[in-house]
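Per chain, numbering begins at 1; letters A, B, ... match sequence-line order. The shown structure was predicted, so the numbers you read here are calculated from the model rather than taken from an experiment.
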Amino acid sequence: MSVSVQEHDFDIGAETMALSDGAPEVGAVATFTGVVRCANEGVSVSAMTLEHYPGMTEKALEDIVNEARQRWSLERVRVIHRYGRLEPGDRIVFVGVSSAHRGVAFAACEFVMDYLKTRAPFWKREDTPEGARWVEARDSDEGSASRWDAGEQGR
Amino acid sequence: MTIKILYFAALRDRLGRAEESLALPPGVSTLGELQSFLADRGDDWLARASQRNVRAAINHRMVNPGDTVSPGDEVAFFPPVTGG
């Protein structure tokens, strides 16, 4: 199972090891872990609630993984995204990629995160001292995703 | 012949409903036409919102205003996503 959408935490050690265990072709493992920050745009955040679109979310993440596999020669790919209530320091997302060489692993890991940011149906609502607020999408996230359309590739 | 419409996140909060069932009105065959119909019906969020601020999916796939809506479809409207 390469994609999981879940409420509970995950073990980044176990997930990282699983990307190369029993896979002798693997020469590189690249991972990204997203964590809840205690502040966003200068406002302190005591907790956040992640909402998603059950049924679509898993499919959207699988599409992103498939697209990464079409672009690069990858061994294993793992994507985990949590939903529900999370507090600062809690892990939100894990992306891990293994391949023969590091260039491909780094590139594919970043690609999956960039696409996830603009294509996977998750929405964050933050609890702040002024009350709850929905997080607005950033233009820079669209920019990060679209640079992959311009042909930037890992080696 | 009806379609199911879902609303998420800030959009759902503003509308005060998470989903509805709608008989596909005559003359509505694209997502853009459905959006116009809902706006004319009084959902001013759709009238005011530029395309930038409302995204849509049909049957769990992100779509564009020109894409076709058919009876039985599940249509979802939501703000730009903010996961990760």
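Residues B:Pro79 and A:Trp123 share a closest heavy-atom pair of O-NE1, 2.9 Å. Considering all non-hydrogen atoms of both residues, B:His60 and A:Met56 come closest at O-CG, 3.4 Å. Pairing each heavy atom of A:Val135 with each of B:Thr82, the nearest pair is O-CG2, 3.3 Å. Between B:Phe8 and A:Glu51, the shortest heavy-atom contact is CD2-OE2, 3.3 Å. The two residues A:Pro121 and B:Val81 come nearest to each other via the heavy atoms CA-CG1, 3.6 Å.
Heavy atoms of A:Ala120 lying under 4.5 Å from chain B belong exclusively to its backbone. B:Ala57 touches chain A through its side chain: at least one heavy atom from C-beta onward sits under 4.5 Å away, while N, CA, C and O do not. In this structure, the portion of A:Asp63 lying under 4.5 Å from any heavy atom of chain B is its side chain and not its backbone. Only the backbone of B:Asn59 comes within contact range of chain A, with at least one heavy atom under 4.5 Å from a heavy atom of that chain. Contact of A:Trp134 with chain B is made through the side chain alone, with heavy-atom distances under 4.5 Å. Looking at A:Glu142, the atoms closer than 4.5 Å to chain B (heavy atoms on both sides) all sit in the side chain, from C-beta outward.
Counting non-hydrogen atoms of neighbouring residues, nucleotides and ligands closer than 6.0 angstrom, the CD atom of A:Glu136 reaches no more than 12 such neighbours. Crowding of A:Phe106 atom CZ: a count of heavy atoms from other residues, nucleotides or ligands under 6.0 Å not exceeding 12.
Both A:Val65 and A:Val104 are members of a single hydrophobic cluster when ILVMFWY side chains are connected at heavy-atom separations under 4.5 Å. B:Phe77 and B:Leu22 fall within a single hydrophobic cluster, where Ile, Leu, Val, Met, Phe, Trp and Tyr side chains are chained together by heavy-atom contacts under 4.5 Å. Follow the hydrophobic side-chain contacts under 4.5 Å out from A:Tyr115 and you never reach B:Phe78; the two are in separate clusters. Under the 4.5 Å side-chain contact rule for hydrophobic residues, A:Trp148 and A:Val97 share a cluster. Linking Ile, Leu, Val, Met, Phe, Trp and Tyr whenever their side-chain heavy atoms come within less than 4.5 Å puts A:Leu74 and A:Phe32 in one cluster.
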